[in-house]
Amino acid sequence: MREDVHSSNTLVFFVNGLKVEDAAVDPECSLLVYLRRKLRLCGTKLGCGEGGCGACTVMLSKYCPDSGQVRHYSMNACLTPVASMHGLAVTTVEGIGSSKTRLHAVQERLAKAHGSQCGFCTPGIVMSMYTLLRNNPQPTMAQLDEYFTGGES
């Protein structure tokens, strides 16, 4: 980032592969509010606002210089300050597929198996499964159980 183009106070991160730059981000704004209000990505839902329901789950991707690999994490967007996203990549449910383009395999299988209830928490479930599969393409049943109870694969 060149200093003559952007001030050092500019937030720079990626959402669904697109670069986001914001020099006037509210430090108290959550990632969830930023996604929904500023970027108009409303697939990420506000449920409990306390990180318990998972309706706001997104995938955060981060390069780990120690391993030389990109690591993916499920995050509660309602609890995550958008200002902490600097240099990171965020993937929302809109970023993995849609009925207008093409559904991701996770979305398609959930729909075909009638896995959605009211649909409110479904994007969070989809993003948790998507993140797990990005880190471990062939998880065991024990890893699935651990991951969906808040553990990490």
Side-chain angles (χ1 to χ4, degrees), residues 11-22 25-64 66-153:
L11 173 65
V12 180
F13 67 114
F14 294 83
V15 176
N16 298 334
L18 300 175
K19 188 175 187 178
V20 175
E21 298 179 78
D22 193 335
V25 69
D26 178 357
E28 294 184 12
C29 182
S30 71
L31 177 59
L32 174 69
V33 169
Y34 194 89
L35 291 170
R36 292 180 62 83
R37 292 189 186 158
K38 186 93 175 198
L39 301 181
R40 300 288 184 220
L41 296 171
C42 296
T44 306
K45 310 291 188 207
L46 173 61
C48 67
E50 297 176 353
C53 73
C56 66
T57 304
V58 298
M59 184 177 77
L60 175 66
S61 300
K62 174 183 178 180
Y63 176 73
C64 299
D66 296 342
S67 66
Q69 296 181 331
V70 175
R71 185 78 177 145
H72 309 286
Y73 304 90
S74 293
M75 299 294 292
N76 290 324
C78 72
L79 299 177
T80 306
V82 70
S84 69
M85 294 296 99
H86 189 75
L88 304 177
V90 176
T91 304
T92 69
V93 71
E94 293 95 342
I96 67 169
S98 75
S99 59
K100 293 179 184 173
T101 58
R102 182 175 176 200
L103 293 177
H104 184 272
V106 170
Q107 294 166 311
E108 184 177 23
R109 288 187 181 114
L110 192 63
K112 284 184 178 178
H114 307 288
S116 179
Q117 295 165 33
C118 71
F120 195 77
C121 64
T122 303
I125 294 168
V126 167
M127 292 310 300
S128 290
M129 179 58 71
Y130 178 77
T131 303
L132 172 63
L133 293 173
R134 289 295 304 264
N135 287 322
N136 185 352
Q138 306 233 344
T140 65
M141 190 56 76
Q143 289 169 322
L144 286 167
D145 286 344
E146 179 183 348
Y147 196 82
F148 281 104
T149 57
E152 192 172 317
S153 64

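Since we're looking at a predicted model, the values are computed, not measured.
- Side-chain contact check for Val58 versus Thr80: every heavy-atom pair is 4.5 Å or farther apart.
- Under the side chain to side chain contact (heavy atoms under 4.5 Å, CB included) test applied with Thr44, the options Leu31, Leu39, Thr92 reduce to a single match, Thr92.
- Here the CE-CG distance, from Met127 to Leu60, works out to 10.5 Å after rounding to the nearest 0.5 Å.
- Residues that satisfy the salt bridge (Lys or Arg N to Asp or Glu O under 4.0 Å) test with Lys38, not counting sequence neighbours, are Asp22.
- Counting all heavy atoms, side chain and backbone alike, Ser74 lies closest to Ser128 at OG-CA, 3.7 Å.
- Between Gln138 and Gln143 the shortest heavy-atom distance is O-OE1, 4.3 Å.
- Atom CZ in Arg71 sits 15.0 Å away from atom OH in Tyr63 (nearest 0.5 Å).
- Considering NZ of Lys45 and SG of Cys56, their distance stands at 12.0 Å, rounded to 0.5 Å.
- Taking the side chain to side chain contact (heavy atoms under 4.5 Å, CB included) definition, one finds that Cys29 meets it with Asp26, Val33, Tyr34, Val82, sequence neighbours left out.
- From Thr91, atom OG1 reaches atom CD1 of Ile96 across 8.5 Å, with rounding to the nearest 0.5 Å.
- A donor-acceptor pair is defined here as one N or O able to donate and one able to accept, closer than 3.5 Å; such a pair exists between the side chain of Arg36 and the backbone of Cys42.
- The two residues Cys78 and Ser30 come nearest to each other via the heavy atoms O-CB, 3.7 Å.
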side-chain contact (heavy atoms from CB on, under 4.5 Å) between His72 and Ser61: does it pass, once the steps are laid out?
-> CA-CA 4 Å; His72 309 286; Ser61 300; 2.8 Å; yes
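- Asn136 contributes atom CG, which lies 12.5 Å from atom OG1 of Thr131 (distance to the nearest 0.5 angstrom).
- Applying the side chain to side chain contact (heavy atoms under 4.5 Å, CB included) criterion to Leu133, with sequence neighbours excluded, gives Val106, Met129, Pro139.
- Rounded to the nearest 0.5 Å, atoms NZ (Lys19) and CZ (Phe13) are 12.5 Å apart.
- Using a 4.5 Å heavy-atom cutoff, the side chains of His86 and Val12 are in contact.
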